[in-house]
Amino acid sequence: MRARDPQKRSRDFKEVALGLTKAQAVKEAKRCLQCKKPRCVEGCPVEIEIPRFIAAIKDNDFSGGLAVIREYNMLPAICGRVCPQENQCQGGCILGKKSKPIAIGALERFVADYETATEQSESPVCIDGNGHKVAIVGSGPAGLTAAADLARLGYDITIFEALHEPGGVLTYGIPEFRLPKKIIHREIERIKNLGVKILLNWVIGRTQTVDELFQEGFKAIFIGVGAGSPKYMNIPGENLNNVYFASEFLTRVNLMKANQFPAYDTPVKKSKRVAVIGGGNVAMDSARTAMRLGAEKVYIVYRRTEDEMPCRLEEVEHAKEEAIELLLLVNPKEIIGDERGYVKAIRCDKMVLCETDESGRRKPNCSGEEFTIEVDQVIMAIGQTSNPVLVKSVKGLDLWGAGYITTDCDGRTNIPGIFAGGDISTGAATIISAMGAGKRAARAIDAYIKETASLTSQF
Amino acid sequence: MFKILHKDAAAPQVTSLIIEAPYIASHHQAGNFVVLRIHEKGERIPLTIADSDSDKGTITLLFQKIGKTTEELAMLKAGDEIRDIAGPLGHASPIKKYGRCVLVGGGIGSATLFPILKALKREPNKVIVILGARAKELLVWPDKFSEYADETLLTTDDGSSGRKGFVTETLKEVIEESKVDIVIAVGPVRMMQAVSEMTKPYRVKTIVSLNPVMVEGTGMCGACRVTVSNKTRFACIEGPEFDGHEVDFHELVNRLGFYRAEEAEALAKFKSKCKGKCKK
Ligand SMILES: Cc1cc2nc3c(=O)[nH]c(=O)nc-3n(C[C@H](O)[C@H](O)[C@H](O)COP(=O)(O)OP(=O)(O)OC[C@H]3O[C@@H](n4cnc5c(N)ncnc54)[C@H](O)[C@@H]3O)c2cc1C
Ligand code: FES
């Protein structure tokens, strides 16, 4: 896909990837072999009929292509931009064996953007309501998807969101240069047009409890609160000044627009030499954001090699083009502060890869060699875990691991009427898997409410 | 949107706002706070809920003008609206029957103590309140406190009201006079540290309410982390109250100073922009 010039783009927040032109999209679609047994579909967590939407593009029927995707996925403009296609649809593409797989993500983005560029503003959709109220907690991809699907089935939906803006990680985590906010706004407007109400600043477990929602007449509750709590490394110096968790750094910039301080009131420290610790999307986003805030040098410090990096392929490529340096097989062991309590360096171990661990990746071990890098800012992006605020407020809810909600594959928890999905039940994963969970839970909620309604009407 | 119903002064330099927020009011427990954002471009700041009325559906917030956001907040009037308020956040104070309790409030921090005082009295407890401030203009609600407390002792640094000196001197006398079962101290970090250091040799359990920098206030960012008993804790969801004898105050002071330059810049810009309108 076309992308903006690395030197220019790494100093502003405008979108990096430019998308396909009409001609490029049609040409790419023509490469598709229209396999009888499409492996791309198997790789898609929501099983979009990929060959069918690509065939429509080939015939210049872009809205037809989009309609195919929308049958399965409410957020194509978002997924086309941020899904890890190389591990999913494109990973299965037969063409990838010999040359390049079809750029399925780019095509998905193309049809969504094409519609936006040509569409009229949508008017509210009229759906016959069935009178049953369902509460959705959290407005990330899991919650939004469950809300949209249930609203289409006629349910009266209210989303409760803790923050002052909806969207979850899409809004507070993923930067503008990768996923412009106006795209998220548009998708959320579309969902509101289905009659979905969104209550902001509404922390379930604090502002209201789950029990109170049931008392207010909600027949079922879907919990999609994400895995928002940052993990720490437990090394000395983590609380020094100018050590950020990626979540804070990104929230300041994305949600609070600290890059525009002082026009916006929230500040963020702009630093010269930055070390970002981690190898996932969150690390790439933090590093590239630090660069855009004016850093001279940004390192990504990762304890395995590039092959094991869990981020999307495109992200690490873009990061490298933007002159971000990868320090691989390196593990920080101490953050060193100056006499004022500010970061001045990190001390690291050099690692070697040894035997394979439970994640199927080779495990890094200390080589015995260590070294120090001088930096004035450290951003920790080593993962997120469950946030206890809601989870702990629901008595008797079955949890696993570090406080994730246990569900069956359709999102049923051990408590009748309470469903969950997305990062809060799987641990930090992907947008599309959160959407898939929202979808399955919507179906299960529909079945549950119909069942309980028919039971009560028998008496 | 959250409507301001009433505005007045809790002390000559302390503003009090009564705000319509029925769900927060009905769930408020002593020790909770809210995070608010005045408008689209505003920052999110935490403020303790100083009082609430669940029948009327209102909460009371108290603040002193110390930065851009509080200056701006002080310019709002009854009838104006605040864009975002989320809460009630944070753990509730540990309210139970202790016996003889001492509440120590420093400046604006005293606001936090008012709901704690009311809750402790309900148990019931004997409660002695010590309010301290730099000067009389900063003493918060001395009359309201004495309405509920068994004893209310005032101190000011300059002697303009009550006794001249620091709260720690008065606290020491109260502890030496007879057994104290718990001290709850809220105020500037230095004051909470001094109180904790003072009570430690007497082995009096001391709770402090910390005020680190916060962003969203719901445990998602880690901006508010503090070290307590050598462990990292998130003040917004695990606090804001902690055992004063275990808090790393040095680190807290350091972290609180991290954005000082930006805070000064924002305030200076705001003041120069609203010259005439900015009331002192
Ligand atoms: C920086 C970053 C970059 C990422 N990049 C990618 C990527 O490129 N591709 C990809 O596929 N995945 C990516 N991910 C992962 C992906 O964003 C998540 O897997 C996905 O957003 C999970 O969706 P969710 O709906 O479960 O939760 P979230 O998106 O986390 O949303 C949860 C929402 O619930 C709200 N909430 C929490 N508690 C409460 C409560 N008590 N009451 C009310 N509301 C509450 C939160 O405020 C939040 O808005 C990234 C994650 C991060 C952090
Ligand atoms: S303020 Fe963000 S975690 Fe406490």
Side-chain angles (χ1 to χ4, degrees), chain A residues 161-165 169 172-173 199-203 205-209 212 225-232 234 238-252 255-258 260-270 337 340-342 380 384 386-390 392, chain B residues 2 21 23-24 26-27 32 34-45 67-69 72 83-90 213 215-227 231-232 234 236-238 248 250-255 257-259 261-263 265-270:
Chain A
E161 168 55 51
L163 292 175
H164 59 252
E165 269 186 51
V169 170
Y172 76 77
L199 295 181
L200 301 172
N201 299 310
W202 215 287
V203 189
R206 301 282 189 195
T207 316
Q208 263 190 306
T209 62
E212 287 169 330
V225 293
S229 193
K231 278 189 193 163
Y232 24 88
N234 276 319
E238 276 181 310
N239 295 347
L240 285 167
N241 280 354
N242 221 354
V243 177
Y244 279 100
F245 286 117
S247 343
E248 181 188 349
F249 186 71
L250 293 172
T251 301
R252 282 181 181 272
L255 182 68
M256 308 308 298
K257 309 208 166 54
Q260 296 179 52
F261 176 86
Y264 282 75
D265 291 342
T266 307
V268 66
K269 278 289 174 193
K270 300 177 175 173
R340 292 157 46 241
Y342 282 68
M380 293 182 285
Q384 295 90 245
S386 154
N387 179 330
V389 173
L390 173 109
K392 279 202 179 154
Chain B
F2 295 81
Y23 283 92
I24 302 177
S26 59
H27 291 80
N32 290 152
V34 294
V35 168
L36 68 78
R37 189 176 74 135
I38 304 177
H39 51 67
E40 189 70 45
K41 295 188 170 175
E43 61 179 340
R44 294 171 66 100
I45 61 157
K68 195 234 161 180
T69 302
E72 209 174 353
R83 190 183 166 104
D84 303 296
I85 304 183
L89 303 171
V213 171
V215 182
E216 86 309 327
T218 59
M220 281 165 37
C221 76
C224 63
R225 62 196 190 274
V226 291
T227 300
K231 273 179 62 187
T232 296
F234 288 6
C236 70
I237 55 169
E238 298 179 275
D248 183 341
H250 178 75
E251 180 187 279
L252 178 61
V253 169
N254 200 42
R255 289 181 62 80
F258 184 45
Y259 292 105
E262 288 80 2
E263 283 156 13
E265 183 187 345
L267 183 59
K269 183 179 160 250
F270 179 70

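Here is the naming used below: chain letters follow the sequence lines, and residue numbers restart at 1 for every chain.
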**Item:** Stepwise side-chain contact (heavy atoms from CB on, under 4.5 Å) test for E262(B) and K269(A)
**Value:** CA-CA 9 Å; E262(B) 288 80 2; K269(A) 278 289 174 193; 3.0 Å; yes

**Message:** Run C221(B) and Y172(A) through side-chain contact (heavy atoms from CB on, under 4.5 Å) and show every step you take.
**Reply:** CA-CA 10 Å; C221(B) 76; Y172(A) 76 77; over 6 Å; no

**Message:** Determine whether R206(A) and H27(B) satisfy the following criterion, side-chain contact (heavy atoms from CB on, under 4.5 Å), listing intermediate values before the conclusion.
**Reply:** CA-CA 7 Å; R206(A) 301 282 189 195; H27(B) 291 80; over 6 Å; no

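Proximity to chain B (any heavy atom under 4.5 Å) is shown, for N234(A), by neither the backbone nor the side chain. In this structure, chain B has a heavy atom under 4.5 Å from the side chain of T251(A), while its backbone stays farther away. Contacts of R83(B) with chain A are made by backbone atoms alone, with heavy-atom separations under 4.5 Å and no side-chain atom involved. For a residue to count as touching a neighbouring chain, one of its non-hydrogen atoms must lie under 4.5 Å from one of that chain's; by this rule N387(A) touches chain B with the side chain only. Heavy atoms of V243(A) lying under 4.5 Å from chain B belong to its backbone as well as its side chain. If you measure heavy-atom distances from A263(A) to chain B, the contacts under 4.5 Å come from the backbone alone. No part of V253(B) comes within reach of chain A, as not one of its non-hydrogen atoms sits under 4.5 angstrom from that chain. With a 4.5 Å cut-off on non-hydrogen atoms, E238(B) does not touch chain A at all. Proximity to chain B (any heavy atom under 4.5 Å) is restricted, for E212(A), to the side chain, taken from C-beta onward. Heavy atoms of L200(A) lying under 4.5 Å from chain B are absent altogether. Within the 4.5 angstrom heavy-atom criterion, only side-chain atoms of R252(A), from C-beta onward, approach chain B. Looking at I38(B), neither its backbone nor its side chain comes within 4.5 Å of chain A, counting heavy atoms on both sides. Proximity to chain A (any heavy atom under 4.5 Å) is restricted, for H39(B), to the side chain, taken from C-beta onward.
The two atoms that bring F245(A) and G222(B) nearest to each other are CD1-CA, 3.7 Å, heavy atoms only. When every heavy atom of E40(B) is checked against every heavy atom of Y264(A), the shortest pair comes out as O-CE2, 3.9 Å. Taking every heavy atom of both residues into account, P230(A) and G219(B) meet most closely at CD-O, 4.0 Å.
Side chains of E238(A) and T232(B) form no contact here, defined as non-hydrogen atoms less than 4.5 Å apart.
Atom CZ of R340(A) sits about 8.5 Å away from atom CG of N254(B), to the nearest 0.5 Å. We find the CG-CZ distance between N242(A) and R255(B) to be 10.0 Å, quoted to the nearest 0.5 Å. The CD atom of E216(B) sits 9.0 Å away from atom CG of L255(A), with the distance rounded to the nearest 0.5 Å.
Contacts with chain A were tallied for A21(B), P88(B), G257(B), S26(B); P88(B) has the most, counting heavy-atom pairs under 4.5 Å. Taking G228(A), A246(A), P388(A) one by one and counting their heavy-atom pairs under 4.5 Å with chain B, the maximum is reached by G228(A). By number of non-hydrogen pairs under 4.5 angstrom with chain B, the leading residue of L240(A), L163(A), N201(A) is N201(A). The choice from V203(A), T266(A), N239(A), V389(A) that makes the most heavy-atom pairs within less than 4.5 Å of chain B is N239(A). When A266(B), A261(B), G42(B) are compared by the number of non-hydrogen pairs under 4.5 Å with chain A, G42(B) comes out ahead.
Without hydrogens or angle criteria, T207(A) side chain to G87(B) main chain gives a donor-acceptor distance under 3.5 Å.
Under the salt bridge (charged side-chain N to carboxylate O under 4.0 Å, His left out) criterion, R37(B) pairs with D84(B), sequence neighbours left out.
Both tests do not hold together for R225(B) against Y232(A): distance to the six-membered ring centre under 6.0 Å, angle to the ring axis within 45°.
Environment of NZ in K269(B): crowded, with over 12 heavy atoms of neighbouring residues, nucleotides or ligands closer than 6.0 Å.
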